[in-house]
Participant: 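Sharing a structure here in structure tokens format.
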Amino acid sequence: LAVEQGADYLIAGTIFASRSHPDNGGAGIEFLARLSKQVNVPVFAIGGITPENCGSCIRAGAIGIAVLSGILLADDPYSAARRYRSALDGIAQR
């Protein structure tokens with residue numbers, strides 16, 4: 001494992017089907033939860049992350065999310081980024 005080789009954090013994905021990997025259904029939240037419990041380093045979720053599902057990633061044990069297409073391919077990247085930020089802020093307030 002990367003952790004055994006000194007990794008400071010892990011990026012786990014593809015969690016959900018994504019634009020960049022449309023034929024991959026994603027490893028799913030269960031995978032993310034298992035991985036987060038098995039390692040002693042922070043885990044970030046990537047792949048098909050949306051403002052609507054980012055909370056499930058955090059609740060599964062991810063310390064954060066990584067987003068590419070959801071922001072970069074949006075008609076309005078600034079507004080898209082604000083939707084992610086708002087969703088994450090809502091999770092932190094719970």
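If you're wondering where the values come from, they're calculated on a predicted model, not measured in any experiment.
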Participant: Is there a continuous path of hydrophobic side-chain contacts, each under 4.5 Å between heavy atoms, that joins I11 to I29?
Facilitator: no
Participant: Specify the closest pair of heavy atoms between A12 and L35, including all atoms of both residues, with the distance to one decimal.
Facilitator: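 Scanning both residues, the minimum pair turns out to be CB-CD2, 3.5 Å.
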Participant: Do the side chains of P77 and L72 get nearer than 4.5 Å, heavy atoms only?
Facilitator: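 Not touching, per the 4.5 Å side-chain cut-off.
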Participant: Which heavy atom of G55 sits nearest to which heavy atom of I91, and what is that distance?
Facilitator: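 Here G55 and I91 meet closest at CA-CD1, 3.1 Å.
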Participant: Which atom names give the shortest non-hydrogen contact between I49 and C54, and what distance separates them?
Facilitator: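 Smallest interatomic distance, heavy atoms only, reads CG2-CB, 3.8 Å.
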Participant: Do the non-hydrogen side-chain atoms of N40 and V3 ever get within less than 4.5 Å of each other?
Facilitator: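 Yes, at least one pair of side-chain atoms sits under 4.5 Å.
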Participant: Return the minimal non-hydrogen interatomic distance between A74 and G70, and the atom names on each side.
Facilitator: CB-O, 3.7 Å
Participant: I'd like to know whether V39 forms a side chain to side chain contact (heavy atoms under 4.5 Å, CB included) with L10, so could you lay out the CA-CA distance, the side-chain angles of the two residues, the decisive distance to 0.1 Å, and finally the verdict.
Facilitator: CA-CA 9 Å; V39 298; L10 298 176; 3.9 Å; yes
Participant: State plainly whether one hydrophobic cluster holds both Y84 and F44, where clusters connect Ile, Leu, Val, Met, Phe, Trp and Tyr through side-chain heavy atoms under 4.5 angstrom apart.
Facilitator: no
Participant: Which atoms form the tightest heavy-atom contact between G47 and S18, and what is the distance?
Facilitator: C-CB, 4.1 Å
Participant: So how far is it from R82 CZ to D76 CG, rounded to the nearest 0.5 Å?
Facilitator: 11.0 Å
Participant: Applying the 4.5 Å side-chain criterion to the ILVMFWY set and letting contacts propagate, would I58 and F16 be lumped into a single cluster?
Facilitator: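 As far as the 4.5 Å side-chain criterion goes, F16 and I58 are connected within one cluster.
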Participant: With salt bridge (Lys or Arg N to Asp or Glu O under 4.0 Å) as the rule and sequence neighbours excluded, what pairs involving residues 26-38 come up?
Facilitator: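 Listed by first then second residue: nothing to list.
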Participant: Any side-chain heavy atom of T14 sitting closer than 4.5 Å to one from I46?
Facilitator: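 Of all side-chain heavy-atom pairs linking I46 with T14, none is under 4.5 Å.
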Participant: Is there a path from Y9 to L32 through hydrophobic residues (I, L, V, M, F, W, Y) whose side chains come within less than 4.5 Å of each other?
Facilitator: no
Participant: Taking all atoms of both residues into account, what is the closest heavy-atom pair of A62 and S36, and its distance?
Facilitator: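 Taking A62 first and S36 second, the nearest heavy atoms are N-OG, 3.8 Å.
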